[in-house]
Structures are given as structure tokens and as C-alpha cells.
Protein chains: 2
Amino acid sequence: MKFDDKVPIYYQIKNYLYHEMMTGALKPGDKLPAVRQLAVDLTVNVNTVQRALGEMITEGILESQRGKGNFVTMDEERITQLKGKLVMEQLERFYEQLHALNLTDEQIIDSLKQYIAQRGQQDDQRLSN
Amino acid sequence: MKFDDKVPIYYQIKNYLYHEMMTGALKPGDKLPAVRQLAVDLTVNVNTVQRALGEMITEGILESQRGKGNFVTMDEERITQLKGKLVMEQLERFYEQLHALNLTDEQIIDSLKQYIAQRGQQDDQRLSN
DNA sequence: TATAGTGTAATAGATAAATAGAACACTAGG
DNA sequence: CCTAGTGTTCTATTTATCTATTACACTATA
């Protein structure tokens, strides 16, 4: 896994697991890979994994069962709330940053549309190769 | 100045100065505040300021004149390119993150529109108080 | 030519993050 | 009961960042 060296790895691991849950790769009640296995998969130390999981357990999004494993909470509402929170965080940061770069609301929306449109073209090109 | 403790301060200072240039608060040829003054303003150490400025000088966006001060480059093209690069970085990260959260292109655009619309309402409320 | 204002550099210490390694606690299954 | 697989905890070490402090180099100007 590729990490951005500007933000703590344990923090990026949290976001990685969040995303796995949001996309359904990890469903409510699912068992996570063993911490030692995760450490190998992410080419990272066990303690770093543990730190990420520890925080998520505190948040109530994961549940730990000693000797068995770590599991995604069965509380689906909690996951829904989390997704909403993560989306909102992205929106806030994105808007704030582009606004700080002196773009108007309209320019922000337009630039996103244009970016997505161009991206679509690139995808088409890749598919046709 | 408030810093996000998840990313290096020198890095956040760079972004702060970038934004000052994008908004026109710092124009081509302008002299920056003295490094010691910046350190006071940002409640940060001189070395930390120097590290941020040093990188921007390497990038060619700032020019240093020993004994005189640090100046924004006169090369306006360079600033325009920088703005484009910064906007593109935000777009890429935003899209990637929301896509990873399993939102479709349409949902991404809609959520942004909705966010901006709601934001406008909040602004209106503040203005009427 | 002093002096104040500027950038630059170097050292040493503090803290947070990440690593390596070991040990401990619990569970399941033969 | 033993063992393999799991989570948990601890210590020690390294690295990056930030700070504090001092010193040096250059410029403008009184």
C-alpha cells in the first residue's frame, strides 16, 4: 500500500478500513484479517495497525474479541452515520481549499464537472486500448 | 494561525503562502514579511518558516535576496501554473476519496451542489443576525 | 563606518510516529 | 491438555518534525 508521508500511517490505515466498509468489502459483522496479517499486507508494523484499530474500537465502529479477532460492528446505523461524516469532511475540505484559491461557487462546481468529464474521456481511451 | 496536527507545519505554511498568492494578497514582485516576523505571526519557529520558504525558493515560486528579503517571483506564468496545479490536486483527491466511498459521478456532483446550496443558506442566516 | 534589518546556517534538545522484538492473554480444536 | 491462531501490551530504538539559541553574511542608510 502506498502512503502519503505527510500524514501518519495509522491515520491512513483508518481511512483505508473506513473505505473498505463503505464499499461493502467489509460488511457489518465481518471479521477483519488478523492484525499480524494486516501488518504484512500493508507492509507496516503490528503496533501501527493496532493503533489504527484501537481508535476505531474506541469509536465503536469495530469490536474486538480477544482470541477471536476484530469485527465490524453490527450496528448498521453507525456505519451509515460514518459514511455521511466522511463525505461531509471531504466536501468541507474541498470547498474550503478551492474557495481559498479564489474560485467562486460556480467555478468550483464547473471545475469538478470538467474534471469528471475529462476523466471519463481518459477512461474511454484506456478501454479502447 | 491554527494548524492541523496531522500534517507538518512547514507544509501548511507553504499552502498558506500559496493561497496568499492565489488570492492576490501577495502579488508578483511583492516582498514577503521578514522571516522573523512571519515566525511571530504564525507563532512558529524561524527554522520552520525557513524550511517552508526554502522549498518554495527551490520550486522557483519565491526568490531570496540576502539582506533584502524574500520576494514573490515576477514570472506570472509560474504562478498561473501553480494555481492550476493546486486546483487539480484538490480535484483529484476529492474525486478519488468520494469515489472510494462508493459515490457515482452524479452523486459526487450532486453532493457538492447540495453542500454549496446549504452553505449559502447558512451564510444568509448569519447575515440576518 | 556603525547599526538595524534582512536571509542563512548550525547545534542541541523535545516530542510524536513508526519500527522491531518479545511477552502475555484468550479461544478453538485436536 | 496442547497447540495454533488470535488480540494486547511493553520496552527500546530510529526518524522526522519542531523548537530554542546562537552565530554568521549581506544590504541599506544614518
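All chains are named by letter (A, B, ...) in the order of the sequence lines, taking the proteins before the strands, and each is independently numbered beginning at 1.
Following chains of ILVMFWY side-chain contacts shorter than 4.5 Å, one cannot reach B:Y11 starting from B:L82, and the two form parts of different hydrophobic clusters. The hydrophobic clustering, which links ILVMFWY residues whose side-chain heavy atoms are closer than 4.5 Å, places B:F3 and B:V49 together.
Using cut-offs of 30° and 60° for the angle between ring planes, the B:F94 and A:F94 rings count as parallel.
Between the P atom of C:dA28 and the NZ atom of A:K31 lies a distance of 12 Å, rounded to the nearest Å. Atom pair A:F71:CZ and D:dG7:C1' shows a separation of 11 Å (rounding to whole Å applied). With rounding to whole Å, B:M56 atom CE is found 13 Å from C:dT8 atom P. To the nearest angstrom, P of D:dT8 lies 14 Å from CD of A:E55. The CG atom of A:L62 sits 11 Å away from the P atom of D:dG7 (whole-angstrom rounding). Rounded to whole Å, atom P of C:dA4 lies 14 Å from atom CZ of B:R36. Atom CD1 in A:I57 sits about 13 Å away from atom C1' in D:dT9, given to the nearest Å. Atom CD in A:Q50 sits about 15 Å away from atom C1' in C:dG21, given to the nearest Å.
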Extract all donor-acceptor atom pairs below 3.5 Å that involve side chains of residues 39-48 of chain A and protein atoms in other chains or at least two apart in sequence.
{"from": "A:D41", "atom 1": "OD1", "to": "A:Q37", "atom 2": "NE2", "distance (Å)": "2.9"}
{"from": "A:N45", "atom 1": "OD1", "to": "A:N47", "atom 2": "N", "distance (Å)": "2.8"}
{"from": "A:N45", "atom 1": "OD1", "to": "A:N47", "atom 2": "ND2", "distance (Å)": "2.8"}

- Trace of the side-chain contact (heavy atoms from CB on, under 4.5 Å) decision for A:K83 with B:L103: CA-CA 11 Å; A:K83 178 166 179 172; B:L103 270 64; 3.7 Å; yes
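If A:N45 and B:L32 are placed on DNA chain C by their nearest nucleotide, the residue sitting closer to the 5' end is B:L32.
Counting heavy-atom neighbours within 6.0 Å of B:Y16 OH, excluding the residue itself, gives a total of 12 or less. Residue-environment remark: CD (A:E76) stays at or below the threshold of 12 foreign heavy atoms within 6.0 Å.
A:T48 has a side-chain polar atom (N or O) that falls below the 4.0 Å cut-off from OP1 or OP2 of C:dT19. Residue B:Y10 has a polar side-chain atom (N or O) positioned under 4.0 Å from OP1 or OP2 of D:dT17.
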- In 5'-to-3' order, the base (B), backbone-only (S) or no-contact (-) status of each nucleotide in nucleotides 10-16 of chain D, using a 4.0 angstrom heavy-atom cut-off, is B------
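Heavy atoms only, all atoms of each residue included: B:L101 and A:H19 are closest at CD2-CD2, 3.3 Å.
Screening A:I13, A:L32, A:I61 for a side-chain contact (heavy atoms from CB on, under 4.5 Å) involving A:L53 leaves a single residue, A:L32.
Taking every side-chain heavy atom of B:S64 into account, C:dT8 is the closest of D:dT19, C:dT19, C:dT8.
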Using the 3.5 Å cut-off, write out each protein N or O paired with an N or O of nucleotides 27-30 of chain D and the distance between them.
{"from": "D:dA28", "atom 1": "OP1", "to": "B:K68", "atom 2": "NZ", "distance (Å)": "3.1"}

